[in-house]
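As structure tokens, the structure follows; a few thoughts come after it.
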Amino acid sequence: MTTQSTMGPLTVVNDDARFPRAKLAEPLPSGFVHIAAEVDGKPPFLLNSREKRRLLARCKEWCRQLEEDPDVLSAVVFDAVLNAPGRGAFLKRRPGKVHVARFDLAILIETTNPQTADALKTSPVYTAMERTVREAASFTHFVTATNPKSMGPVDHERRGVFLFNYFFAEDTAQNLAVWEYTAGWFQNETGLDNSTVLLPREGERPDYRIINHCRWDRLRDVLPSLLLKRSFRTYVLANFEANRVAAMPILYRLA
């Protein structure tokens, strides 16, 4: 039986599960530039093509050069491992409204503040990287963003399993509210202790309302919960659907 109630902009279903609310940290003051690209056009668990391996290597070198700028806190390249479970029914009811994310390459650049992120995009190194990724990919997504909500910074110094979760929603406030409401499930059921929500800056026209980024140590820390725990469907995905939100999660490793 499905129960439903409202909490501000949020519609809540199956609240009787009573997962604890997420323990949030202070949002980061940083600016972010995110690049996502579909390069190989095949399931990400298959071997990368020679062309993609070359592109990853070039992007890593460009990111190393970007990190020489004191305003760049980090510049990281990711290689997709798996299109994770969790898209849900809402996306199926909106065919053609959004590009379904299948990005097998991702880059995240963090700068000291949003203004330095804007300045970064005019640098010769960044523009060369963006142009090359566009030419190599069948579909690309570029966005500058801020961090409105956080569960703690994502550690890019250690290998692990990294998530970029691309959200399609009708309303940004509702998307943020349901992300926060369901984040407690991930803390409780997968041991998640970090997350950076990327909110596109005003004036951008992105395909995705928000993009969530986080990390686990191992694939087994998260994947069995997504596949086997009934509450992932009845609590997380059900609340996404009730709030007209669709998640498109992709798991990555450091390139």
Side-chain angles (χ1 to χ4, degrees), residues 32-63 74-88 90-92 95 98-109 129-130 132-143 145 154-168 186 190 192 194-198 206-229 232-233 236-237 240 246-255:
F32 295 88
V33 180
H34 178 56
I35 298 173
E38 296 174 9
V39 179
D40 269 355
K42 59 186 179 184
F45 54 81
L46 298 177
L47 290 176
N48 289 332
S49 66
R50 181 182 301 176
E51 292 75 14
K52 184 184 171 187
R53 292 197 300 271
R54 288 175 178 169
L55 179 62
L56 287 168
R58 295 183 73 186
C59 288
K60 287 173 66 177
E61 177 56 33
W62 279 315
C63 283
S74 68
V76 188
V77 184
F78 301 88
D79 186 17
V81 175
L82 185 70
N83 293 327
R87 288 183 178 168
F90 181 69
L91 194 63
K92 296 177 182 178
V98 67
H99 179 85
V100 177
R102 297 186 179 89
F103 303 118
D104 58 338
L105 180 151
I107 299 168
L108 184 64
I109 305 165
M129 181 168 66
E130 179 177 318
T132 302
V133 171
R134 286 187 188 277
E135 292 171 351
S138 59
F139 187 87
T140 54
H141 182 259
F142 300 83
V143 68
V154 181
D155 185 358
H156 296 133
E157 298 298 320
R158 294 187 296 145
R159 294 195 172 274
V161 176
F162 297 84
L163 171 74
F164 283 100
N165 200 352
Y166 300 88
F167 282 92
F168 168 63
F186 288 92
T190 73
L192 184 66
N194 66 93
S195 182
T196 299
V197 175
L198 304 176
D207 286 331
Y208 313 104
R209 292 279 182 178
I210 64 172
I211 302 167
N212 184 43
H213 177 52
C214 57
R215 176 195 175 278
W216 292 269
D217 287 337
R218 299 166 296 271
L219 194 61
R220 67 174 180 267
D221 293 335
V222 56
L223 191 57
S225 295
L226 302 183
L227 291 172
L228 302 176
K229 291 186 177 180
F232 177 62
R233 298 182 295 277
V236 176
L237 297 186
F240 285 173
M248 290 164 270
I250 305 174
L251 297 174
Y252 296 82
R253 58 176 173 249
L254 296 176

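We count residues from 1, following the sequence as given. Values below: every heavy atom of this structure, side chains too, minus hydrogens, waters and symmetry copies.
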Is any side-chain heavy atom of Trp216 less than 4.5 Å from a side-chain heavy atom of Thr190? yes
When you look at CZ of Arg218, are more than 12 heavy atoms from neighbouring residues, nucleotides or ligands closer to it than 6.0 Å? yes
Tell me if a side-chain donor or acceptor on Arg215 pairs with a main-chain N or O of Arg159 at a distance below 3.5 Å. yes
Give a yes or no on whether the ring-centroid distance for His99 and Phe168 is below 6.0 angstrom. no
I'd like to know if the side chain of Asp104 reaches the main chain of Val39, judged simply by a donor and an acceptor atom lying under 3.5 Å from each other, with no hydrogens or angles considered. yes
Report yes if the side chains of Leu251 and Phe162 come closer than 4.5 Å at any heavy-atom pair, otherwise no. no
Quick one: does Lys60's side chain have a donor or acceptor within less than 3.5 Å of a partner on Ala255's backbone? yes
Please check: side-chain N/O of Ser138 versus main-chain N/O of Glu38, any donor-acceptor pairing under 3.5 Å? yes
Backbone N/O of Met248 and side chain of Tyr208: donor-acceptor pair under 3.5 Å: no
For Asp79, does its backbone N or O pair with a side-chain atom of Lys52 as donor and acceptor, under 3.5 Å? no
Given 3.5 Å as the limit, does a donor-acceptor pair link the side chain of His34 with the main chain of Phe142, or not? no
Output yes when a side-chain donor or acceptor of Lys42 lies under 3.5 Å from a complementary backbone atom of Asn48, and no otherwise. no
From CA spacing to verdict: side-chain contact (heavy atoms from CB on, under 4.5 Å), Ile35, Thr140: CA-CA 7 Å; Ile35 298 173; Thr140 54; 6.0 Å; no
Mind checking whether Cys59 and Val133 have side chains closer than 4.5 Å, heavy atoms only? yes
Ring centres under 6.0 angstrom apart (Phe164, Tyr252): yes
So, does Asn165 use its side chain to make a donor-acceptor pair with the main chain of Ile211 at under 3.5 Å? no
Nearest heavy-atom approach of Val98 to Asp207 is CG2-O, 3.4 Å
Is a side-chain donor or acceptor of His213 paired with a backbone partner of Leu163 at a separation under 3.5 angstrom? yes
Could you give the distance from CG (Asn212) to CZ (Phe167), rounded to the nearest 0.5 Å? 6.0 Å
